[in-house]
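One structure, as structure tokens, below. Some questions next.
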Number of protein chains: 2
Amino acid sequence: MRDERFCNSNCPFTRAIGTIGNKWKPIIINVIGTRTIRFGQLDSIIPLISRKVLTEQLKELEEDGLLERLAYKELPPRVEYKLSEKGLAFLPILENIKEWNLKYEVASMPQEID
Amino acid sequence: MRDERFCNSNCPFTRAIGTIGNKWKPIIINVIGTRTIRFGQLDSIIPLISRKVLTEQLKELEEDGLLERLAYKELPPRVEYKLSEKGLAFLPILENIKEWNLKYEVASMPQEID
DNA sequence: ATTTGTAGTTACCTAATAGTAACCAGAATA
DNA sequence: TATTCTGGTTACTATTAGGTAACTACAAAT
């Protein structure tokens, strides 16, 4: 899900897109935000994601240094995720995307008028 | 390549990701930038993209109002693309991503020292 | 008369991504 | 004793994205 050709590009922008340019990662980063959150919470908060894909994405985000994983040696297991400094620094960008979309999105849904 | 479930979400951020959250679209928008550019130029400037995928992405970007397509009725055909106001408004976000990556990217390449 | 050039489209095939269901550990609870 | 709880992993399958090559139109140049 990481695009290796992009990640090996000599263009830093292309490398960035190779790292975070897929549909799940921005969503996951946005959901985590500034809190510490457990795997199961992410799984239930993020609609339509499967555990398998969530695990994969979290692993990659950790490898790329965007988030920190804290596994407590308990049973049943408890694992907490939170954004690293790098991940936190990405949040304002996601905010900008939100604002951009609100400003320019065309209302494609037919509106009920009564 | 547009994720319909994302685009139909009631969360504006999720919708935004459904629209531009894939690997090619940010690259294409970044390459176009503030200029007017022809199809063939895009095809040769963007590495590793196939004509088919480029066509598809451009069509979606046009449908989503990020770019304008100008087809001259000539032979051989000439088609020019440029960003719309919405597309131009997205450029600063891409700039932020570039800066973010430059600041936080870990140098994974082994450096030659001599 | 043939080739060149542009911006695609189409059919076909392969590669990548994502979903599903079953399974694991081992303590706590019923 | 059986069940639940959590955070995964694994194997298998389905869906989707992407690549390749051939083809189109027709004017202009060779």
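Letters go in sequence order (proteins before strands), and every chain restarts at 1.
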Exercise. Between C:dT17 and A:Lys52, is there an OP1 or OP2 to side-chain N/O distance shorter than 4.0 Å?
Worked result: no
Problem set entry | Given DNA chain D, 5'-ward residue of the pair A:Arg5 and A:Arg69, judged by closest heavy atom | A:Arg69
Problem set entry | Side-chain N or O of A:Arg2 closer than 4.0 Å to phosphate OP1/OP2 of C:dA16 | no
Problem set entry | Separation of C:dA15 P from A:Glu4 CD (nearest whole Å) | 17 Å
Exercise. On DNA chain D, which is the earliest and which the latest nucleotide, 5' to 3', with an atom closer than 4.0 Å to a heavy atom of chain B?
Worked result: D:dA17 to D:dA27
For this session: Report the distance from atom NZ of A:Lys73 to atom P of C:dG26, rounded to the nearest whole Å.
Result: 13 Å
Exercise. Does A:Tyr72 have a side-chain nitrogen or oxygen under 4.0 Å from the phosphate oxygens OP1 or OP2 of C:dA27?
Worked result: no
Exercise. In whole angstroms, how far is the C1' atom of C:dA16 from the CD atom of A:Glu56?
Worked result: 11 Å
Exercise. From the list C:dT9, C:dT20, C:dG8, which nucleotide is the closest neighbour of the side chain of A:Ser50?
Worked result: C:dT20
Exercise. B:Gln57 CD to C:dG8 P: how many Å, rounded?
Worked result: 14 Å
For this session: State plainly whether the residues B:Arg2 and B:Asp64 are in salt-bridge range, i.e. N to O under 4.0 Å.
Result: yes
Exercise. Under the 6.0 Å and 45° cation-pi test, does A:Lys98 pair with B:Phe13?
Worked result: yes
Exercise. Just how far, in rounded Å, is C1' of C:dT10 from CG of B:Leu54?
Worked result: 17 Å
Seminar exercise, completed: One should read off an interatomic distance between B:Ile29 CD1 and B:Ile93 CD1, to the nearest 0.5 angstrom, of 9.5 Å
For this session: For the pair A:Phe39 and A:Tyr81, name the ring-plane relationship: parallel under 30°, tilted 30 to 60°, perpendicular over 60°.
Result: tilted
For this session: Look at B:Arg38 and C:dA7 and indicate whether a side-chain polar atom (N or O) is within less than 4.0 Å of OP1 or OP2.
Result: yes
Exercise. Does anything in residues 19-32 of chain A pair up under salt bridge (Lys or Arg N to Asp or Glu O under 4.0 Å), and if so which pairs, sequence neighbours excluded?
Worked result: A:Lys23-B:Asp3, A:Lys25-A:Glu60
For this session: Calculate the interatomic distance between B:Glu80 atom CD and C:dG8 atom P; express it in whole Å.
Result: 12 Å
Problem set entry | Per B:Arg78 side chain, nearest of listed nucleotides C:dA7, C:dG8, C:dA25 | C:dA7
For this session: Starting from C1' on C:dG19, measure out to NZ on A:Lys23 and report it in whole angstrom.
Result: 11 Å
For this session: Before accepting this row, confirm whether a basic side-chain N of the pair A:Arg78/A:Glu80 lies closer than 4.0 Å to the acidic partner's carboxylate O.
Result: yes
For this session: For residues A:Arg51 and A:Thr55, report the shortest heavy-atom separation together with the two atoms involved.
Result: O-OG1, 2.6 Å
Seminar exercise, completed: Between CG of B:Leu48 and C1' of C:dA15 the distance, given in whole Å, is 15 Å
